[in-house]
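As structure tokens, the structure follows; a few thoughts come after it.
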There are 2 protein chains.
Amino acid sequence: MRSAEFDKEHVLRQAMRTFMQYGYSKTSMQKLTEATGLHPGSIYCAFKNKKGLLLASVEQYQKDKNEQFEQLFAQHQNVRSALEIFLQDIVQPYASNEATKVCLLTRTLSEIDGQDDEVTQVLSNNLCAFEQALQNVLSKAHHCGEIGSTPSAKERAQFLVMGIYGLRTYASTSNDQQALVRLSKQLLEHVLQ
Amino acid sequence: MRSAEFDKEHVLRQAMRTFMQYGYSKTSMQKLTEATGLHPGSIYCAFKNKKGLLLASVEQYQKDKNEQFEQLFAQHQNVRSALEIFLQDIVQPYASNEATKVCLLTRTLSEIDGQDDEVTQVLSNNLCAFEQALQNVLSKAHHCGEIGSTPSAKERAQFLVMGIYGLRTYASTSNDQQALVRLSKQLLEHVLQ
DNA sequence: GTGTATCTTGAACGTACATTCAAAATTAAC
DNA sequence: GTTAATTTTGAATGTACGTTCAAGATACAC
């Protein structure tokens, strides 16, 4: 017997950071060995191959993001102020030069689209779950009397998700941080109106 | 003397279609030779290298899109009905299985981000010009009395561009064509309100 | 018709990549 | 301390890629 020596969560976080920074195909195994500190053989032993490491990273990513999400909305009484911070956290990184700007899910989906059904499916499911989480939150906001019944929580969630995708793409084309902040506020107003 | 034998516009349209379908790095020179009918040497003679062909394709893409845009807005008296068709044309392809779904500019920018300053600059400039074109149209709408003066044409254009980016990304994650149509209408109402 | 400049052809080259594997190192059990 | 099981190591492998180039084909000028 002998157990693995590396910290799996740490390895996956380093891997996801690398995938986010370079994209899937431009993330070479060499970059991954450097980022994770693991040798090729260890990666293949633990995750089967590069795609396996991506899928494991995606899983970890979703787990981390979910925890953040739950925590944020548990901390706030009203949905509006939680969503304000949520959107702010999305826009914020674009002011600095962090590698964590982009969303691993959408970035990878855009790159892989139509080339690998398994990965596409996993990413779609995760993004779908994200929309569902937002819908639940908006549903709660309705029951708390924060927002009306039309548009429905589902329709509001869809518009919000679309807006978030748009915000991220817009941010990658522009350095106008003020505009980003304005757009995110405008988006929130529209969704909660 | 001897002039080139291929139709440059046709070659570039085939190339851009391939880049859109597979993304830049997954578009091999072999795929490009098959798509364009040109041999490797001819491509390198005419466009220097793969990146040169991408840049030429982007230029052609922007030229084509611009002509469509000008024509569409010249055909309609009021801006609203032109924008309705414009958004419809964006959402439409996602119902079918066309390779022309995605935007060559945003797809390539997302993939190449931070890896090639020249390409990034060209793509950013083109996307900026796209926003400016929308701003001009919205400015015209204001002068024609279709919309008010606040938010400004610039702010409206930014929100619309964000929405279009979001629509495209959302479309790549969902098969709900009805939702897409609803989102595009909701977006337009918000922008023209 | 001849010459010449230019384009076309596609095989060949070097490189970078994902992956494999056998040997070495490490751990845990008894 | 010895053994057995598992992981770590990193060089080696095969493949796919972007690119080059020299030979051949073609069109124009005179």
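Letters go in sequence order (proteins before strands), and every chain restarts at 1.
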Phosphate OP1/OP2 of [N]: any [X] side-chain N/O under 4.0 Å:
{"X": "A:Y44", "N": "C:dT20", "value": "no"}
{"X": "A:H39", "N": "D:dT8", "value": "no"}
{"X": "A:S42", "N": "D:dT8", "value": "yes"}

Within this structure, what is the [atom1]-to-[atom2] distance between [X] and [N], rounded to whole angstrom?
{"X": "B:Y24", "N": "D:dG18", "atom1": "OH", "atom2": "P", "answer": "8 Å"}
{"X": "B:K48", "N": "D:dT19", "atom1": "NZ", "atom2": "C1'", "answer": "12 Å"}
{"X": "B:Q30", "N": "D:dG18", "atom1": "CD", "atom2": "C1'", "answer": "12 Å"}
{"X": "B:K50", "N": "D:dA16", "atom1": "NZ", "atom2": "C1'", "answer": "12 Å"}
{"X": "A:E34", "N": "D:dT9", "atom1": "CD", "atom2": "P", "answer": "15 Å"}
{"X": "A:F47", "N": "C:dA18", "atom1": "CZ", "atom2": "P", "answer": "16 Å"}
{"X": "B:L53", "N": "D:dG18", "atom1": "CG", "atom2": "C1'", "answer": "13 Å"}
{"X": "B:K8", "N": "C:dT8", "atom1": "NZ", "atom2": "P", "answer": "12 Å"}

If you measure from CG on A:N126 to NZ on A:K63, what distance do you get to the nearest 0.5 Å?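 Between A:N126 CG and A:K63 NZ, I get 13.5 Å after rounding to 0.5 Å.
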Sole candidate of B:Q62, B:Q60, B:Q68 that passes side-chain hydrogen bond (donor to acceptor under 3.5 Å, both in side chains) when paired with B:D64: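 The option that passes is B:Q60.
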Close side-chain approach of B:H143 and B:S139, heavy atoms under 4.5 Å: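 SC-SC contact between B:H143 and B:S139 confirmed.
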Output the single nucleotide from C:dC7, D:dC17, C:dT19 whose closest atom is nearest the side chain of B:C45.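 Minimum distance to the B:C45 side chain belongs to C:dC7.
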Counting side-chain heavy atoms from CB outward, which of D:dT7, C:dT20, D:dT19 is closest to B:M29?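 So the side chain of B:M29 is nearest to D:dT19.
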Which is more 5' along DNA chain C, the nucleotide nearest B:L38 or the one nearest A:P40? Just name the residue.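 Going by which nucleotide is closer to the 5' end, it is B:L38.
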Would you mind classifying the nucleic acid contact of A:T33 as base, sugar-phosphate or nothing, using non-hydrogen atoms under 4.0 angstrom? nothing
Looking for any heavy atom pair under 4.0 Å, which part of the strands does B:T27 touch: base, sugar-phosphate only, or nothing?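 Since only primed, P, OP1 and OP2 atoms lie under 4.0 Å of B:T27, the category is sugar-phosphate.
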Centroid-centroid distance, B:F19 to B:Y24, less than 6.0 Å: yes
Take the angle between the ring planes of A:H190 and B:H190 and call it parallel below 30°, perpendicular above 60°, tilted in between.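 Plane angle over 60°, so perpendicular.
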